[in-house]
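Numbering starts at 1 and runs along the sequence shown. Please read all numbers here as calculations on a predicted model, not as lab measurements.
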Amino acid sequence: MPLRQSIRLGGYLLKQKLLRREKFALLVELEPLFACNLACAGCGKIQHPASVLKQRMPVEQAVAAIEESGAPMVSIAGGEPLMHKQIDEIVRQLLARGKIVFLCTNALLLPKHLHKFTPHRNFAWMVHIDGLRERHDASVCKDGVFDEAVAAIKQAQAAGFRVMTNTTFFDTDTPQDVIDVLDYLNDELGVDNMQISPGFAYEKAPDQEHWLGPEETRQLFAKAFAGGRRKKWRLNHSPLFLDFLEGKVDFSCTAWAIPSYSLKGWQRPCYLMEDGYVATYKELLEETDWNSYGRGKDPRCANCMAHCGYEPTAVVATMGSLRETIRAAVGS
């Protein structure tokens with residue numbers, strides 16, 4: 001992350017520690033709609049009934065949920081957020097409240113809506129790129145999407161926006177696939193930061209066969225990161241989370257730190273699993289049995305090494321160690 005945002009996050013974490021808060025939100029996954037213009041194999045959001053897909057979260061509701069959580073960062077997802085007619089107003093209001101905002105998109109609608117947004121130091125586009133051309137188009141189940149996304153990224157960069165990418169890897173990916181796409185995004189396309197994550201068996205996803213298990217994940221990233229490669233990539237992750245991906249350390253899940261808020265309310269326990277919804281973030285924290293989730297506790301979590309559960313654990317561990325704090329700062 002940019003240094004100013006890292007300092008902001010560090011200050012927020014220090015405040016939680018001084019207040020002796022055991023659970024708090026680092027980032028909220030905000031889903032103001034479920035509708036999408038793609039039908040990706042690894043996502044099941046559009047499996048909702050047509051009546052739900054037509055719904056759009058009011059601006060006031062979206063902003064109020066983020067304010068309630070107190071989280072310094074917001075990742076706006078969906079569905080495809082650019083299908084929400086007031087998404088630009090949601091972004092403006094969150095930025096006005098000092099939030100760091102990432103707008104996740106497949107970028108197909110980005111050229112049409114780019115003029116509604118203004119570059120801001122706390123705003124970035126987060127474009128989903130799940131591999132190079134053939135791999136990405138197969139992932140989203142539509143030809144030509146990779147080229148359109150790359151063109152949209154270049155347009156946003158030319159307009160002065162920060163652009164990040166998010167790449168999910170599956171058991172069909174090889175270490176060379178990881179290297180090739182990250183080299184391309186980092187060196188050729190020149191995006192500001194990249195996020196990566198092993199795929200999780202989202203229960204409504206059409207593809208239920210190609211998810212990575214923990215040992216497969218560790219082998220994939222250990223080989224891809226070998227030779228110090230990861231140091232040259234502008235990865236938007238703490239060093240400890242990258243250590244976790246390649247099996248150098250292990251962590252417990254802290255899903256409460258990246259909660260999900262959607263049209264249905266606060267999702268329990270995270271955006272990858274659906275064990276009911278509650279109306280307030282306070283209810284989510286206090287009425288969820290967090291000790292029942294995570295690898296070794298819930299069989300559904302057995303293959304999960306996703307960033308939503310384990311990145312916050314790594315961030316908190318970083319802040320609790322002078323050595324790791326310095327290591328992360330040097331990396332930034």
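- Using a 4.5 Å cut-off between side-chain heavy atoms of Ile, Leu, Val, Met, Phe, Trp and Tyr, with links allowed through other members, L9 and L14 fall into different hydrophobic clusters.
- Between A156 and L114, the shortest heavy-atom contact is CA-CD2, 4.0 Å.
- Cluster annotation: W125 is not connected to V145 through the hydrophobic network of ILVMFWY side chains, with a link wherever side-chain heavy atoms come within less than 4.5 Å.
- With salt bridges taken as basic N to acidic carboxylate O contacts below 4.0 Å, one links K232 and D183.
- Checking side-chain atoms of Q219 against main-chain N and O of E216 turns up no donor-acceptor pair under 3.5 Å.
- Side-chain heavy atoms closer than 4.5 Å link hydrophobic residues (I, L, V, M, F, W, Y) into clusters, and following such links, even through other members, never connects L53 to L108.
- Between R92 and D88 a salt bridge is recorded (basic side-chain N to carboxylate O distance below 4.0 Å).
- Within the 4.5 Å cutoff, the side chain of C270 has no heavy atoms near those of the P259 side chain.
- When the shell of 6.0 Å around CD of E22 is examined, it contains 12 or fewer heavy atoms from other residues, nucleotides or ligands.
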Q) Can E68 and K282 be said to form a salt bridge (charged side-chain N to carboxylate O under 4.0 Å, His left out), step by step? A) CA-CA 9 Å; E68 178 202 357; K282 185 174 185 291; over 6 Å; no
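- The shortest distance between side-chain heavy atoms of K264 and H48 falls below 4.5 Å.
- Between Q267 and S262, the side chains place no donor N or O within less than 3.5 Å of an acceptor N or O (distance only, hydrogens not considered).
- Put simply, the side chain of D177 does not reach to within 4.5 Å of the side chain of L220, judged on heavy atoms.
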Q | Check against side chain to side chain contact (heavy atoms under 4.5 Å, CB included), T167 and M194 | A | CA-CA 8 Å; T167 303; M194 298 165 288; over 6 Å; no
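- In summary, the side chains of D187 and W233 do not present any donor paired with an acceptor at a separation below 3.5 Å, with no hydrogens or angles considered.
- Although no hydrogens or angles enter the test, the distance criterion places no donor-acceptor pair under 3.5 Å between the side chain of E67 and the main chain of A62.
- Using a 4.0 Å cut-off between a side-chain N of Lys or Arg and a carboxylate O of Asp or Glu, R135 and D130 do not qualify as a salt bridge.
- Taking CZ of F241 as the reference point, atom OG1 of T318 lies at 11.5 Å (rounded to 0.5 Å).
- Taking the centre of each ring, W256 and F24 come in below the 6.0 Å mark.
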Check residues 28-43 and write down every donor-acceptor pair under 3.5 Å in which the side-chain atom is one partner and the other belongs to a residue at least two apart or another chain.
residue	atom	partner	partner atom	Å
E31	OE1	K45	NZ	3.4
E31	OE2	K45	NZ	2.9
N37	OD1	N106	ND2	2.8

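- For the pair V316/T254, no side-chain contact is recorded, criterion being any heavy-atom separation below 4.5 Å from C-beta on.
- Between the side chain of H128 and the backbone N or O of T165, no donor-acceptor pair lies under 3.5 Å.
- R234 places a side-chain N or O within 3.5 Å of a backbone atom of N186 that can act as its donor or acceptor partner.
- Contact annotation: the side chain of L182 approaches that of I196 to within less than 4.5 Å [non-hydrogen atoms, C-beta and beyond].
- Closest heavy-atom contact between I179 and A224: CG1-O, 3.8 Å.
- In this structure, a donor-acceptor pair under 3.5 Å is present between the side chains of T105 and E80.
- Y277 contributes atom OH, which lies 11.0 Å from atom CZ of R268 (distance to the nearest 0.5 angstrom).
- The structure places CG of L285 at 10.5 Å from CZ of R21, a figure rounded to the nearest 0.5 Å.
- V140 and L132 are members of different hydrophobic clusters when ILVMFWY side chains are connected at heavy-atom separations under 4.5 Å.
- Shown here is K154, whose NZ atom has no more than 12 heavy atoms of other residues, nucleotides or ligands within 6.0 Å.
- Heavy-atom neighbours of Q176 CD from other residues, nucleotides or ligands within 6.0 Å: above the threshold of 12.
- No hydrogens or angles considered: a donor-acceptor pair under 3.5 Å links the side chains of Y261 and Q61.
- Counting heavy atoms from C-beta outward, W290 and P269 have side chains that approach closer than 4.5 Å.
- Within the 4.5 Å cutoff, the side chain of L245 has no heavy atoms near those of the R218 side chain.
- Ring geometry, Y281 versus W266: the interplanar angle falls from 30° to 60°, so the pair is classed tilted.
- Side-chain polar atoms of T168 and S197 form no donor-acceptor pair below 3.5 angstrom.
- Distance check: N122 CG to R162 CZ gives 9.0 Å after rounding to the nearest 0.5 Å.
- D147 places no side-chain N or O within donor-acceptor distance of the main-chain N or O of G144, the cut-off being under 3.5 Å.
- Not a single donor-acceptor pair under 3.5 Å links the side chain of D171 to the backbone N or O of L212.
- Looking at residues two or more places apart in sequence or on another chain, you find a ring-ring contact (aromatic ring centres under 6.0 Å, His included) between Y310 and F244.
- Of the possible polar contacts, none joining the H237 side chain to the Q195 backbone as a donor-acceptor pair under 3.5 Å is found.
- With contacts defined as side-chain heavy-atom distances shorter than 4.5 Å, the pair R230/D243 qualifies.
- Note that the CG atom of N166 and the CE atom of M126 stand 5.5 Å from one another [nearest 0.5 Å].
- A side-chain donor-acceptor contact under 3.5 Å links E283 to the backbone of T280.
- Between the R97 side chain and the L94 main chain, no donor and acceptor come within less than 3.5 Å of each other.
- Shown here is K142, whose NZ atom has no more than 12 heavy atoms of other residues, nucleotides or ligands within 6.0 Å.
- Taking NZ of K248 as the reference point, atom CG of L240 lies at 11.0 Å (rounded to 0.5 Å).
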